[in-house]
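Order of the sequence lines fixes the chain letters, A, B, ..., with proteins taken first and strands second; residue numbering starts at 1 for each chain.
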There are 2 protein chains.
Amino acid sequence: MEGFGDYLRKVREQRRSSDATFSVRQLASRVGVEPSYLSKVERGQQPPPSEKTIAALASELDEDADVLLALAGKVSGDLQSIIRRRPKLFADLIRQLKDMPDHAVLRLVREVRDGEW
Amino acid sequence: MEGFGDYLRKVREQRRSSDATFSVRQLASRVGVEPSYLSKVERGQQPPPSEKTIAALASELDEDADVLLALAGKVSGDLQSIIRRRPKLFADLIRQLKDMPDHAVLRLVREVRDGEW
DNA sequence: CCATCCGTGTACCATATACTACACACTACC
DNA sequence: GGTAGTGTGTAGTATATGGTACACGGATGG
């Protein structure tokens with residue numbers, strides 16, 4: 001399976017092909033980490049960074065933070081805090097949706113969003 | 001606000017009033033930690049234990065693990081892994097449900113469970 | 001009065017997390 | 001051939017996490 005590092009490198013190289021400021025060094029600088037650290041993360045020599053750093057990466061690379069966090073084996077703190085406010089409710093719902101096909105969950109998302117229920 | 005420790009102590013004392021095996025020592029032993037550690041956790045001198053230990057406590061005390069974890073500021077690993085499999089889908093859904101009243105979310109849970117949709 | 005339970009205080013510890021600091025070798029440009 | 005930029009290797013570090021080990025003083029019961 002493609003890990004966090006592989007994906008990160010792929011996306012960054014992609015961006016770099018049309019924008020030289022997406023070098024390891026410059027991206028690292030904008031994100032607020034050392035270049036060697038970012039390099040190691042991309043090559044899987046270091047585990048994925050903290051949520052904060054991942055969020056900065058997502059923002060710079062114009063990627064979805066939740067997807068990046070997922071690849072890093074994490075779930076964003078704000079989602080967690082929503083769940084923690086009503087643990088039983090959300091735990092039940094999420095476990096029930098576990099094996100539902102994507103389109104079914106998506107339909108639910110849309111129905112809630114559009115207030116058609 | 002009532003913390004994890006306060007709640008834990010309250011529940012344990014409750015159980016203890018009708019079952020002497022719910023002393024700090026004996027419970028700690030069944031759960032697999034040192035009694036002094038459990039004592040400190042109950043009094044908030046130590047932060048809440050790991051998910052594994054919380055799960056064991058929940059099981060022994062016949063409490064809801066998700067609720068206990070929430071009090072500890074955590075979200076269970078299995079819920080997180082469900083979310084991570086489809087990050088966008090679940091992130092959207094959860095954020096949309098953030099400010100919905102309990103009864104609305106509950107209705108959703110029931111509808112999904114009963115397949116009436 | 002002794003054994004056994006009780007809760008708790010003090011001190012310590014192993015492992016994981018999330019990095020920094022700096023040097024090195026390579027390439028490209030003018 | 002110096003300067004600027006590139007990726008990466010080595011070494012070290014601060015803080016958090018999740019506990020253990022053991023001793024102490026008090027109550028309880030035979």
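- A:Ser29 is linked by a side-chain hydrogen bond (donor to acceptor under 3.5 Å, both in side chains) to nothing, counting only residues two or more places apart in sequence or in another chain.
- The list of side chain to side chain donor-acceptor pair (under 3.5 Å) pairs with a residue in residues 54-64 of chain A, not counting sequence neighbours, reads A:Tyr7-A:Glu63, A:Arg30-A:Glu60.
- Near-neighbour residues of DNA chain C inside residues 54-61 of chain B, defined by a heavy atom below 4.0 Å, are absent.
- Other residues, nucleotides and ligands contribute over 12 non-hydrogen atoms within 6.0 Å of the CD atom of A:Glu13.
- Qualifying side chain to side chain contact (heavy atoms under 4.5 Å, CB included) partners for A:Ala58, counting only residues two or more places apart in sequence or in other chains: A:Ala65, A:Leu68.
- Listed by chain and number, the residues in a salt bridge (charged side-chain N to carboxylate O under 4.0 Å, His left out) with A:Arg9 are A:Glu42 (sequence neighbours excluded).
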> Can you give one letter per nucleotide of nucleotides 7-26 of chain D, 5' to 3': B if a protein heavy atom sits under 4.0 Å from the base, S if only from the sugar-phosphate, - if neither?
Replying inline: BBBBB------SBBBB----
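- For B:Lys10, the salt bridge (charged side-chain N to carboxylate O under 4.0 Å, His left out) partners at least two apart in sequence or on another chain are B:Glu2.
- When the side chain to side chain contact (heavy atoms under 4.5 Å, CB included) test is applied to B:Glu51, the partners found at least two apart in sequence or on another chain are B:Leu69, B:Ser76.
- A salt bridge (Lys or Arg N to Asp or Glu O under 4.0 Å) check over residues 66-82 of chain B, counting only residues at least two apart or in different chains, returns the pairs A:Arg95-B:Asp66, A:Arg95-B:Asp78.
- Not a single salt bridge (charged side-chain N to carboxylate O under 4.0 Å, His left out) links B:Asp99 to another residue, sequence neighbours left out.
- Interface limits on DNA chain C: the 5'-most and 3'-most nucleotides within less than 4.0 Å of chain B heavy atoms are C:dC6 to C:dA11.
- Applying the salt bridge (charged side-chain N to carboxylate O under 4.0 Å, His left out) rule to B:Arg25 yields no partners; only residues at least two apart in sequence or on another chain are considered.
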